[in-house]
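Encoded as structure tokens, the structure appears first; notes follow it.
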Amino acid sequence: MNLFESTQKMGHEQVLFCHDNKTNLRAIIAIHDAGLGAAMGATRLWPYASEEEALKDALRLSRGMTYKAACAGIPVGGGKAVIIAKPEHKTDEMLEAYGRFVDSLNGRFITGQDVNLCPEDVRTIRRGTRHVVGVSEQAGGPAVTTALGVFLGIKAAVEFRLPNKELNQIRVAVQGAGNVGKNLCQLLHQAGVEIFVTDLSRERTEEIKQLYGATIVQPEEIYSLDVDVFAPCALGGVINCTTLLLLKAPIIAGCANNQLEDEVLHSTIVESKEILYCPDYVINAGGLINVYGEMIGANDEEIIDGVSRIYDTLFEIFFKSKRENITTHEASKRLAEDRIMKAKNQKMLAKTA
């Protein structure tokens with residue numbers, strides 16, 4: 001990978017490589033756009049197969065955060081960080097060292113929890129920096145509000161694509177039973193939805209089965225189920241040429257980031273198969289809305305109100321896609337870029353006034 005070519009092509013402003021000998025910390029912080037304010041984006045910890053793979057993930061995720069903030073109407077920029085490590089190798093000392101690197105950016109980057117990090121880890125990172133959110137777990141915390149946003153997104157998609165069906169008549173395949181996937185299953189169960197679930201952890205799927213009556217399926221079976229909604233709630237790249245041959249669901253709506261392995265190619269194939277795709281950075285914005293609310297001192301009601309607007313934004317994207325004869329991926333991208341441009345113009349006008 002050519003670093004400067006990749007960052008220039010994707011529009012990144014800054015990439016920071018972090019290494020601490022004492023704790024064996026290896027991390028990458030990618031700032032995509034801080035033109036509207038501090039770049040916000042959570043940190044994930046993952047045993048990437050290579051540093052190139054970690055960098056690619058950080059670049060795509062941080063760009064997605066810029067678009068996520070724009071579509072959610074939040075006046076911040078987009079960033080993301082990855083720590084290259086196995087979960088069992090995570091230590092408090094490593095997280096504190098990482099916090100000090102975040103702090104060295106002087107508030108240009110604000111982070112929180114993502115894959116393999118929990119609220120307690122965020123509190124540990126805070127020992128090294130005050131530029132971290134998700135500490136107070138307002139409105140249930142980022143996982144709860146992310147799941148709520150995905151649930152509302154599924155509701156919007158069903159109303160748009162399957163107008164003759166009520167929620168209690170649909171079947172949903174949930175791929176991934178982590179914090180967000182579990183909370184999503186609870187909301188689906190409360191709405192009377194029939195749930196199918198898979199996860200690499202048998203313990204997690206058994207818990208979902210016991211709590212919400214879900215049917216457990218093997219990871220390789222989840223794509224070909226005869227369901228109404230496929231909800232990817234694990235890692236990215238699961239919508240690709242192989243899985244699209246198997247997919248039967250007319251709706252894709254889940255919380256995972258970077259669901260499309262190739263954004264242009266696979267969004268086009270999805271459209272050609274008449275599958276309604278809910279762009280990931282729109283439907284999974286509940287966590288960002290939550291932590292931004294915490295940062296500005298919003299109360300729980302205001303945070304939930306912000307998450308509720310995901311439903312309306314998705315309808316705007318669905319209609320834009322139909323009206324302009326473009327994919328929902330392209331529709332959300334145009335919506336985000338239009339909002340970013342307008343916000344930057346307003347900011348420049350305010351400076352010159």
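Between Lys80 and Asp114 there is a salt bridge, since at least one side-chain N of the basic residue sits less than 4.0 Å from a carboxylate O of the acidic one. In this structure, Arg123 pairs ionically with Glu120, as a charged nitrogen and a carboxylate oxygen lie closer than 4.0 Å.
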Run the numbers on Lys182 and Glu207 for side chain to side chain contact (heavy atoms under 4.5 Å, CB included), then give the verdict. CA-CA 9 Å; Lys182 179 181 175 181; Glu207 184 181 15; 2.8 Å; yes
Determine, step by step, whether Ile170 and Ile154 satisfy the side chain to side chain contact (heavy atoms under 4.5 Å, CB included) criterion, reporting the C-alpha distance in whole Å, the side-chain angles of both residues, the deciding distance to 0.1 Å, and the verdict. CA-CA 10 Å; Ile170 68 167; Ile154 289 173; 4.3 Å; yes
Asn257 vs Arg44, side chain to side chain contact (heavy atoms under 4.5 Å, CB included): CA-CA, chis, key distance, verdict: CA-CA 12 Å; Asn257 289 306; Arg44 68 173 46 181; 3.6 Å; yes
Determine, stepwise, if the pair Leu167 / Lys155 fulfils side chain to side chain contact (heavy atoms under 4.5 Å, CB included). CA-CA 7 Å; Leu167 277 184; Lys155 188 174 185 292; 4.1 Å; yes
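Closest non-hydrogen pair, Gln169 versus Asn164, comes out as OE1-O, 3.9 Å. Heavy-atom minimum distance, Gly293 versus Ile303: CA-CG1, 4.1 Å. For the pair Leu184 and Cys233, the tightest heavy-atom approach, listed with the atom from each and the gap, is CD2-SG, 3.8 Å.
Between the Thr129 side chain and the Arg126 main chain, no donor and acceptor come within less than 3.5 Å of each other. Not a single donor-acceptor pair under 3.5 Å links the side chain of Asp33 to the backbone N or O of Gly77. At least one donor-acceptor pair under 3.5 Å links the side chain of Asn183 to the backbone N or O of Asn179. Without hydrogens or angle criteria, Asn240 side chain to Gly237 main chain gives a donor-acceptor distance under 3.5 Å. Between the Ser321 side chain and the Ala331 main chain, no donor and acceptor come within less than 3.5 Å of each other. Not a single donor-acceptor pair under 3.5 Å links the side chain of Thr327 to the backbone N or O of Ser267. Side chain of Glu13 to main chain of Ala34: a donor-acceptor pair is present (N/O by atom type, distance under 3.5 Å, no hydrogens or angles). Between the side chain of His131 and the main chain of Thr111, no donor-acceptor pair closer than 3.5 Å is present. For the pair Asn290 (side chain) and Thr145 (backbone), a donor-acceptor distance under 3.5 Å is absent. Listed for the Arg171 side chain is a donor-acceptor partner under 3.5 Å among the backbone atoms of Asp226.
Ring orientation note: the planes of Phe160 and Phe318 are tilted relative to one another, at an angle of 30° to 60°. Aromatic ring pairs are classed by plane angle as parallel below 30°, tilted from 30° to 60° and perpendicular above 60°; the pair His189 and Tyr212 is tilted. Using a 30° and 60° split on the angle between ring planes, Tyr67 and Tyr281 fall in the tilted class, from 30° to 60°.
The hydrophobic side chain of Leu245 is isolated, with no ILVMFWY side chain under 4.5 Å apart from it. Hydrophobic cluster membership of Tyr223, counting Ile, Leu, Val, Met, Phe, Trp and Tyr whose side-chain heavy atoms lie under 4.5 Å apart directly or via other members: Phe196, Val217, Ile222, Leu225, Val227, Phe230, Val238, Ile239, Leu244, Leu246, Leu247, Ile252, Leu260, Leu265, Ile269, Val270, Ile275, Tyr277.
You'll find the side chain of Leu335 reaches within 4.5 Å of the side chain of Arg339, heavy atoms only.
A distance of 4.5 Å separates CD in Gln14 from CD1 in Ile31, rounded to the nearest 0.5 Å.
Under the 4.5 Å side-chain heavy-atom criterion for ILVMFWY residues, no single connected hydrophobic cluster contains both Met341 and Ile317.
Remark: Ala97 engages Asp20, Thr23, Leu25, Arg100 in a side chain to side chain contact (heavy atoms under 4.5 Å, CB included) (not counting sequence neighbours).
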